[in-house]
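Read the structure below first, then the notes.
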Protein chains: 2
Amino acid sequence: MTKMTDLTGAPALPLNTIMAGDCIEVMKGLPEGSVDLIFADPPYNLQLKGELHRPDNSRVDAVDDEWDRFSSFASYDRFTQDWLREARRLLKPDGAIWVIGSYHNIFRVGAAMQDAGFWILNDVVWRKSNPMPNFRGKRFTNAHETMIWASKGEGAKYTFNYEALKALNEGIQMRSDWVLPICNGGERLKTETGEKAHPTQKPMSLLHRVLVGSTNPGDVVLDPFFGTGTTGAVARMLGRDWIGIERDAGYREVAHRRIADVRPFDKSALQVSTSRRAAPRVPFGQLVERGMLRPGEELWSMNGRHKAKVRADGTLIGDDVKGSIHQVGAALEGAPSCNGWTYWCFRRDGKTVPIDVLRQQIRAEMEDRPD
Amino acid sequence: MTKMTDLTGAPALPLNTIMAGDCIEVMKGLPEGSVDLIFADPPYNLQLKGELHRPDNSRVDAVDDEWDRFSSFASYDRFTQDWLREARRLLKPDGAIWVIGSYHNIFRVGAAMQDAGFWILNDVVWRKSNPMPNFRGKRFTNAHETMIWASKGEGAKYTFNYEALKALNEGIQMRSDWVLPICNGGERLKTETGEKAHPTQKPMSLLHRVLVGSTNPGDVVLDPFFGTGTTGAVARMLGRDWIGIERDAGYREVAHRRIADVRPFDKSALQVSTSRRAAPRVPFGQLVERGMLRPGEELWSMNGRHKAKVRADGTLIGDDVKGSIHQVGAALEGAPSCNGWTYWCFRRDGKTVPIDVLRQQIRAEMEDRPD
DNA sequence: ACTACGTGTGAATCCCTCC
DNA sequence: GGGAGGGATTCACACGTAG
């Protein structure tokens, strides 16, 4: 493949392009710590009946059952370890990875991810609303696939747009089981002869939820098993940069045309709900400095059971306790911690008002005139 | 343990008893090829670190028991390989095994099962209808556990009561995802002091479906991690013989009393597992994920007086208001509440269509294969 | 008897910034 | 890098008590 470098001599990222070749080799040529998210839909590769192929496409010549079984699992494991090692190298320290699979391969993949140092955050079940039935009635309808979401390592940071996903789910925390239809109808890519362009095309709704939940606009998303480019199409739609790797020229061609047709959403639609966590921090002392609360004034706990007096330095003093609004609240409640902003109230004109109202006033002013 | 033999000199099966001791050692003393089904609920190796509190400051009662602590993945893997080897030895040639776990351990267990020669038939997802939320909002609600169902080896026969399961599922082929509540209320075993008798008691409805589906009356069911004996209780109820292995004397005592109380062929568990299903809630965000509405697209109020723009996370943004379809509708109308589904319309081909039409489409799809 | 409301709790790898 | 401290964060049920 072509080696690209930027002006500093560091290899540049080939953003929004489909790279040709084996993903392990191609990833070796990309710079370490450069990617925000990896979405991988690796080959399931474990149909031991009939033929079995190594990652390099050579056919495994079975001698007997024992040898064949050992050889095939071991060869799939080596392949998995190899691409996972390169994938992890490419991730930024606060990057994350999603891998999708079925019971044929997902257990080996999950164990390999843990062995490679990834830290599993959730396994997410894609529950298909319209799966193919088990025609022979010998097993359960295979109605789901499993995704593993993992950070780069134990304690590593990662992106999780909690509020946006909660909003997507009408105000209820998003669960680890997602009910979504399989990809068919107009979304399913076809060849000129009307056949499926790719046997395992994933629905865009699945990628939408993955990318809204674990990336921000402008992030770089890598898909090492690009296929017909669902990841790229949704990334472009959502204003994320993407890189695809695919060794099949036919799939690359379909993906290229498909992504070129995508109209990105406009910027304002990409702004998603955020939590208070992202809001600027307001020290309680500022309420006193600005005269919103007077030193000596009494605050009352939300439940009305406790009171404390405001001091000029923005601390509280109650019976035998003094400290921050949080510390005094925790001490009075005998709790391990306490959010003083939602715990304390002041009184004006006979009404009891949470002090958080004052913080919101300050934040509103800051939005008009940011520092 | 005591060695038992029957009249022919072959070791006899200690049917319908709880054996004391470490399951690997105990299994070594049982005869090869003697068991029809194994249900195993091994330690999950949760690796919990500090304490966790709910937003109301109450402390979560974590699984911190000694039996769930392993020094490393390697030591957990050795343990898993050892008990799986003995389990497989005990199975009849046409026997089968179920193992339940979470993302902490299930990938390692699944890979070890394949390595041990088991042949996976399905992975089955237990979708909890009432899981514990993720209190800190840092991950998805961990709302499911995974069960692996496997035969003794590739091509081995196994029991699958297809019609019985179909009947259990109101005439529709049983899928690989089962919606069942966690074990609480009256079914949850308590000590005299009112604490949980076992931290991870499984619901009887789960075992009911497993045993109805993959055993016949008179079959022998072995549970090497017996705990407080859910497997034994359901087996007795359904007229199956059972063997439990448990090393904790306290758990054995609770299980013994519990199983003695079971009336065989009680139909109560059946009623639990076929509990009625509520009308499915469809989040508005799903219309966006599924491409039925585009982020950036405008919606119009039914009366034509207001409009708002759809965002990628399924919220709306109008003049000075943003939030859910319901919130924005209420704000624009100055009303205390608003049903956004009937309030908002989208435009296609010059026609104005209520968004509720799209929700009805999704519900219709779900009715094809409910659960 | 029935409803309304408050409380308790479940296999959990659950914060982040600043000094 | 470790410790301190601000302050953000929950859904579905079962059960008990009040009205």
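A note on names: the letters A, B, ... follow the listed sequences, proteins ahead of strands, and every chain is numbered from 1. These numbers come from the heavy atoms of this one structure, side chains and all, not from hydrogens, waters or symmetry mates.
- Under the Watson-Crick or G-U wobble criterion, with both distances below 3.5 Å, D:dG3 is paired with C:dC18.
- Going from atom CD of A:E163 over to atom P of C:dC15 covers 16 Å, rounded to whole Å.
- D:dT10 and C:dT9 have their C1' atoms separated by 12 Å, with the value rounded to a whole Å.
- Using a 4.0 Å heavy-atom distance criterion, B:K202 is classed as a base contact.
- Side-chain N/O atoms of A:R359 include one lying less than 4.0 angstrom from OP1 or OP2 on D:dA8.
- Taking the C1' atom of each, D:dG5 and C:dA12 are spaced 24 Å apart, rounded to whole Å.
- Nucleotide C:dT13: unpaired (no Watson-Crick or G-U wobble partner with both distances less than 3.5 Å).
- One finds a side-chain N or O of A:H326 lying less than 4.0 angstrom from the OP1 or OP2 phosphate oxygen of D:dG7.
- Between the side chains of A:D123 and B:H144, a donor-acceptor pair is found at a separation under 3.5 Å.
- Between the side chains of A:S214 and A:W98, a donor-acceptor pair is found at a separation under 3.5 Å.
- To the nearest 0.5 angstrom, B:I245 atom CD1 is 5.0 Å from B:L222 atom CG.
- Across all strands, B:P42 comes closer than 4.0 Å to base atoms (heavy-atom distances).
- Counting any heavy atom pair closer than 4.0 Å across all strands shown, A:Y162 reaches sugar-phosphate atoms only and no base atom.
- A donor-acceptor contact under 3.5 Å is formed by the side chain of A:S337 with the base of D:dA8.
- Toward the 5' end of DNA chain D, the nearer of the two residues A:C338 and A:G171, judged by each one's closest nucleotide, is A:C338.
- With C1' as the reference atom, D:dG7 and C:dC14 are 15 Å apart, rounded to whole Å.
- When the P atom of C:dG10 is taken as reference, atom NE2 of B:H53 falls 14 Å away, rounded to whole Å.
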Taking only nitrogen or oxygen atoms into account, show me every contact under 3.5 Å that the protein makes with nucleotides 16-19 of chain C, one pair per line with its distance.
unit_1: C:dC16; atom_1: OP1; unit_2: B:K138; atom_2: NZ; d: 2.6

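- Checking B:Q47 against B:N130, the closest nucleotide of DNA chain C that is more toward the 5' end is the one next to B:N130.
- Between the CD1 atom of A:I325 and the C1' atom of D:dA8 there is a distance of 13 Å, given to the nearest Å.
- Judged purely by distance below 3.5 Å, without hydrogens or angles, the side chains of A:S176 and B:R127 never pair a donor atom with an acceptor atom.
- The aromatic rings of A:F160 and B:F140 stand perpendicular to each other, their planes meeting at an angle above 60°, with 30° marking the opposite boundary.
- With DNA chain D read from its 5' end, the first of the two nearest nucleotides for B:G185 and A:Q327 is the one closest to A:Q327.
- Residue B:D61 is classed as a sugar-phosphate contact, given heavy-atom separations below 4.0 Å to backbone atoms only.
- D:dG19 and C:dA1 have their C1' atoms separated by 13 Å, with the value rounded to a whole Å.
- Residue A:N339 places at least one side-chain N or O closer than 4.0 Å to OP1 or OP2 of D:dA8.
- Residue-level contact check: A:P283 touches neither bases nor backbone, having no heavy atom under 4.0 Å from any strand.
- Taking only side-chain atoms of B:N142, from C-beta outward, the nucleotide of C:dA11, D:dT10, C:dT13 with the closest atom is C:dT13.
- Side-chain contact of A:Y103 with A:E145: a donor-acceptor pair under 3.5 Å is absent, judged by distance alone.
- The residue B:N105 sits apart from the nucleic acid: no heavy atom pair falls under 4.0 Å.
- Using a 3.5 Å distance cut-off with no hydrogens or angles, the side chains of A:R311 and A:T315 do pair a donor with an acceptor.
- A donor-acceptor pair shorter than 3.5 Å cannot be found between the side chains of B:T228 and B:Q201.
- Checked against a 6.0 Å centroid threshold, the rings of A:W119 and A:Y158 do not count as neighbours.
- Atom CE of A:M174 and atom C1' of D:dC11 are 15 Å apart (whole Å).
- At whole-Å resolution of the value, CG in A:L165 and P in D:dT10 are 13 Å apart.
- Stacking of the aromatic ring of B:F135 onto the base of C:dC14 is not found under the criterion of centres within 5.5 Å and planes under 30°.
- Counting atom types as modelled, B:R139 pairs a side-chain N or O with a base atom of C:dT13 as donor and acceptor under 3.5 Å.
- B:S129 has no side-chain polar atom (N or O) that falls below the 4.0 Å cut-off from OP1 or OP2 of D:dA12.
- Across all strands shown, D:dT9 forms no Watson-Crick or G-U wobble pair with both key distances under 3.5 Å.
- Glycosidic conformation of C:dT7: anti, with the torsion beyond 90° of 0.
- Nearest nucleotide to the side chain of B:R188, out of D:dG7, C:dT13, C:dA11: C:dA11.
- Side-chain contact check for A:E333 and A:N303: at least one donor-acceptor pair (N or O, by modelled atom type) lies under 3.5 Å.
- Within the 4.0 angstrom heavy-atom criterion, base atoms lie near B:G50.
- Between B:N134 atom CG and C:dA11 atom P there is a gap of 15 Å when expressed in whole angstrom units.
- Between B:R54 and D:dT10 there is no side-chain polar atom (N or O) within less than 4.0 angstrom of OP1 or OP2.
- Straight-line distance from the CD atom of B:E145 to the P atom of C:dT13: 10 Å, rounded to whole Å.
- For D:dT9, the OP1/OP2 oxygens have a side-chain nitrogen or oxygen of A:R276 closer than 4.0 Å.
- In this structure, A:R175 atom CZ and D:dT10 atom C1' are separated by 13 Å, rounded to whole Å.
- Counting only heavy atoms from C-beta on, B:R136 has its side chain closest to C:dC14 among C:dC14, C:dA12, C:dT13.
- Between C:dT17 and D:dT9, the distance separating the two P atoms is 14 Å to the nearest Å.
- The side chain of A:I120 lies closest to C:dT13, out of C:dC14, D:dT10, C:dT13.
- Here the side chain of B:W67 is nearest to one of D:dT9, C:dA11, D:dA12, namely C:dA11.
- Residue-level contact check: B:T200 touches the bases, meaning some heavy atom is under 4.0 Å from a base atom.
- On a pure distance criterion of 3.5 Å, no polar donor-acceptor pair joins the side chain of B:K196 and the base of C:dA11.
- Between the side chains of B:S102 and B:H104, at least one donor-acceptor pair of N or O atoms lies under 3.5 Å.
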